[in-house]
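Sequence positions, counted from 1, serve as the residue numbers for this chain.
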Amino acid sequence: MAFAREVHVRSYPDAAVGPEHFEVVEVPVPTPAEGEVLVRNTWTSVDPGMRLRLRPHAPEGYFTAFELGRPMDGVITLGEVVESRAEGFAVGDTVWHPFGWRTHAVVPAGVELMNGAATLRRLDVTDVEPQWYLGPLGAMGLTAWSGLAVVDALKGGETLWVSAAAGAVGSLVAQIGVLLGHRVLASAGTDAKVAWLRDEVGVAGAFNHRTQPLAPTLRELAPEGIDVYFDNVGGDHLEAALDAMAMHGRIALCGSVSDYEGEAVGPRNIFLATAKHLTLQGFRGSLHIGVMEEMQRRLGGWLRSGELVQRETVYSGLEQAPRAMADMLAGRTVGKTLVRLA
Ligand SMILES: NC(=O)c1ccc[n+]([C@@H]2O[C@H](COP(=O)([O-])OP(=O)(O)OC[C@H]3O[C@@H](n4cnc5c(N)ncnc54)[C@H](OP(=O)(O)O)[C@@H]3O)[C@@H](O)[C@H]2O)c1
C-alpha cells in the first residue's frame with residue numbers, strides 16, 4: 001500500500017506556536033470517488049490566520065478551528081492531479097485546493113471551498129512560477145488588492161502606510177502602492193527588510209518598528225498626516241495610525257498579527273476616529289472573490305514585466321511546516337512563507 005503523510009494538531013499552544021504542537025502522521029494514500037481528483041501536493045501555505053485556528057474556537061465569523069488529531073483543512077495548497085474522476089481535470093494538471101499540510105489530498109470538483117478562494121481550479125502555469133498562485137496570483141494578491149479597494153485606494157496619489165510591509169500581503173501592498181503612484185510609507189521588523197523596501201521597492205519612507213518609535217517616526221515621515229493605513233498588525237500599530245491619520249483618512253483592517261499569540265491590546269485613542277472622521281473597514285480577501293480576475297490580470301502583468309516581485313521564504317519538506325509557522329509569526333521570514341512538498 002502507498003502511504004501519504006499529513007500534519008495533525010497535537011495540542012493548542014498557550015503562547016508561541018512550535019513544532020511540539022504538531023505531529024506528522026503516515027496514512028494510506030486516499031482514493032478519489034466519482035467527481036473527485038487525487039492531488040499530489042507540491043506547495044503549501046503558511047499564514048498568520050492559521051494561528052487563530054489553533055485554539056478550541058476560532059474567532060466568530062472566521063474559518064473554523066483546526067481539530068485536534070485531524071489533518072488541517074482550509075489551508076490553500078498547490079498540487080498536481082495524479083488521478084482524476086472529475087470532468088474537466090486531467091492527470092498532470094496543476095490545481096489549487098484547500099487541503100494543505102499533507103502530501104496527498106482527495107478534492108471534490110465543482111464544490112465551493114473557502115468562500116470560493118480555494119475551490120478546485122486548474123491553473124495556467126505556462127509563464128509564471130506555480131507558487132505565485134499562493135502569493136500575488138492567489139489569496140495574498142486578492143487580500144492586497146481588495147483591501148486597497150475597500151478603502152478606495154486603488155486610484156493612487158495619497159500617503160499610504162502599510163505595516164508588516166515585507167511580509168506576504170504587506171510586500172504586495174507596498175509594491176502596488178508605489179506602482180499606483182501613492183507616497184508609500186512602510187514598516188517592518190528588521191533592518192534588512194527595511195533596506196529592501198527603501199532601496200528596491202522605492203517607498204518614500206521605511207522604518208524598523210522594533211527599533212524606532214512608531215508615533216514620532218510617523219509624524220516625521222507624514223507631517224501632513226496619513227490618508228490610508230493598511231493594517232496588518234493591529235495593537236500598537238493601529239494606535240499609532242489613529243494618531244497619525246489625516247482628516248477623513250481610511251484604515252483597511254486586514255489583520256492584527258501582534259495579538260494572535262498573546263493578549264489583544266486595543267488602541268487607547270479610538271476617539272480620534274470620531275474626531276478625524278475616519279473610516280475603519282475590516283475585510284477578508286476571500287469574501288471579495290469577484291475581483292480575483294481583475295487582480296490576476298493587473299498583478300500578473302506587473303509580475304511578467306518585472307515591476308512586481310514575489311519575495312518568498314521556502315521551507316523544504318512537510319516536517320518543516322510547523323517551524324515555518326513559528327518563524328513567520330516571529331518575523332524571521334520575508335515575503336510569502338511557503339513549504340515545498342515535492
Ligand atoms: N483579511 C484577510 O483576508 C487576510 C488574508 C491574509 C492575511 N491577513 C492578515 O494580514 C497580515 C499579514 O499576513 P501575511 O500572510 O502577509 O503574514 P506575513 O506578514 O508574511 O508574516 C507576519 C509578519 O507580521 C510581523 N509581526 C509579527 N508580530 C508582530 C508584532 N507584534 N508587531 C509588528 N509586526 C509583527 C512580522 O514581520 P516583521 O519582521 O515585519 O515584524 C511577521 O513576519 C496578518 O495580520 C494576517 O492575519 C488577512
Side-chain angles (χ1 to χ4, degrees), residues 5-25 41-59 62-79 96-103 105 114 117-118 131 134-135 138-140 143 163-164 166-171 188-190 193 232-235 254-264 284-286 310-342:
R5 283 172 301 126
E6 48 191 40
V7 175
H8 290 188
V9 182
R10 196 204 297 259
S11 61
Y12 297 125
D14 292 327
V17 68
E20 66 277 16
H21 299 109
F22 302 91
E23 61 187 331
V24 177
V25 176
N41 291 334
T42 49
W43 294 89
T44 195
S45 190
V46 181
D47 305 278
M50 294 168 69
R51 181 64 184 80
L52 295 169
R53 304 168 63 195
L54 287 167
R55 44 180 81 165
H57 303 284
Y62 194 54
F63 298 119
T64 54
F66 296 121
E67 286 178 56
L68 294 179
R70 301 274 310 143
M72 295 154 72
D73 293 346
V75 180
I76 305 185
T77 297
L78 299 185
W96 74 25
H97 66 80
F99 302 110
W101 284 43
R102 70 198 80 177
T103 58
M114 294 182 83
Q131 73 273 22
L134 295 180
M140 301 302 114
T143 302
S163 54
V169 174
S171 64
T190 69
K193 292 178 184 183
N232 287 314
V233 174
C254 179
S256 55
V257 67
S258 65
D259 62 40
Y260 294 176
E261 300 223 277
E263 207 180 324
R284 286 168 64 195
S286 63
Q310 147 92 331
R311 299 237 31 211
E312 56 194 31
T313 303
V314 177
Y315 293 76
S316 285
L318 185 64
E319 287 69 16
Q320 296 301 317
R323 187 166 69 86
M325 179 185 277
D327 284 354
M328 176 202 52
L329 288 165
R332 291 190 287 268
T333 64
V334 183
K336 177 66 195 151
T337 304
L338 295 165
V339 179
R340 184 165 201 160
L341 299 172

Can you tell me how far the [atom1] atom of [X] sits from the [atom2] atom of [Y], to the nearest 0.5 Å?
X	Y	atom1	atom2	result
Glu261	Leu52	CD	CG	9.5 Å
Phe99	Met114	CZ	CE	10.0 Å
Asp47	Met325	CG	CE	8.0 Å
Asp259	Arg51	CG	CZ	11.0 Å
Tyr260	Met50	OH	CE	13.0 Å
Thr337	Leu329	OG1	CG	8.5 Å

*Stepwise, does the side chain to side chain donor-acceptor pair (under 3.5 Å) test hold for Lys336 with Ser45?*
CA-CA 8 Å; Lys336 177 66 195 151; Ser45 190; 2.8 Å; yes
*Which is it for Asp327 and Tyr315 under the side-chain contact (heavy atoms from CB on, under 4.5 Å) test, yes or no, and what are the steps along the way?*
CA-CA 11 Å; Asp327 284 354; Tyr315 293 76; 2.7 Å; yes
Nearest heavy atoms of [X] and [Y], plus distance in Å:
X	Y	answer
Arg332	Ala326	NH2-O, 3.8 Å
Thr190	Gly331	CG2-O, 4.5 Å
Asn232	Ser163	ND2-O, 2.7 Å
Leu54	Pro13	O-CD, 3.6 Å
Gly317	Val339	O-CG1, 3.3 Å
Pro19	Pro322	CA-CB, 3.7 Å

Does [Y] offer a backbone N or O that forms a donor-acceptor pair with the side chain of [X] under 3.5 Å?
X	Y	value
Arg55	His57	no
Thr44	Trp101	yes
Thr313	Val334	yes
Arg53	Thr64	yes

Let me have the donor-acceptor pairs involving side chains of residues 66-75, under 3.5 Å, with sequence neighbours excluded, atom names and distances please.
| from | atom 1 | to | atom 2 | distance (Å) |
| --- | --- | --- | --- | --- |
| Asp73 | OD1 | Arg102 | NH1 | 3.3 |
| Asp73 | OD1 | Arg102 | NH2 | 2.7 |

Would you mind reporting whether [Y] and [X] have side-chain heavy atoms less than 4.5 Å apart?
X	Y	answer
Arg5	Glu319	yes
Phe22	Arg10	no
Val7	Val24	yes

_Test side-chain hydrogen bond (donor to acceptor under 3.5 Å, both in side chains) applied to Thr103 - qualifying residues, sequence neighbours left out_ =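 With neighbours one apart ignored, the set is empty.
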*asked:* What verdict does the side-chain contact (heavy atoms from CB on, under 4.5 Å) test give for Leu134 and Ile76, after you've listed the backbone C-alpha separation in whole Å, the side-chain angles of each residue and the deciding distance to 0.1 Å?
replied: CA-CA 7 Å; Leu134 295 180; Ile76 305 185; 3.7 Å; yes
*Between Tyr62 and Arg284, is there a cation-pi geometry (under 6.0 Å to ring centre, at most 45° from the normal)?*
no
_Test side-chain contact (heavy atoms from CB on, under 4.5 Å) on Val233 and Val257; report intermediate values, then the result._
CA-CA 5 Å; Val233 174; Val257 67; 4.2 Å; yes
*Val9 and His21: side-chain contact (heavy atoms from CB on, under 4.5 Å), yes or no, with the steps?*
CA-CA 6 Å; Val9 182; His21 299 109; 5.6 Å; no
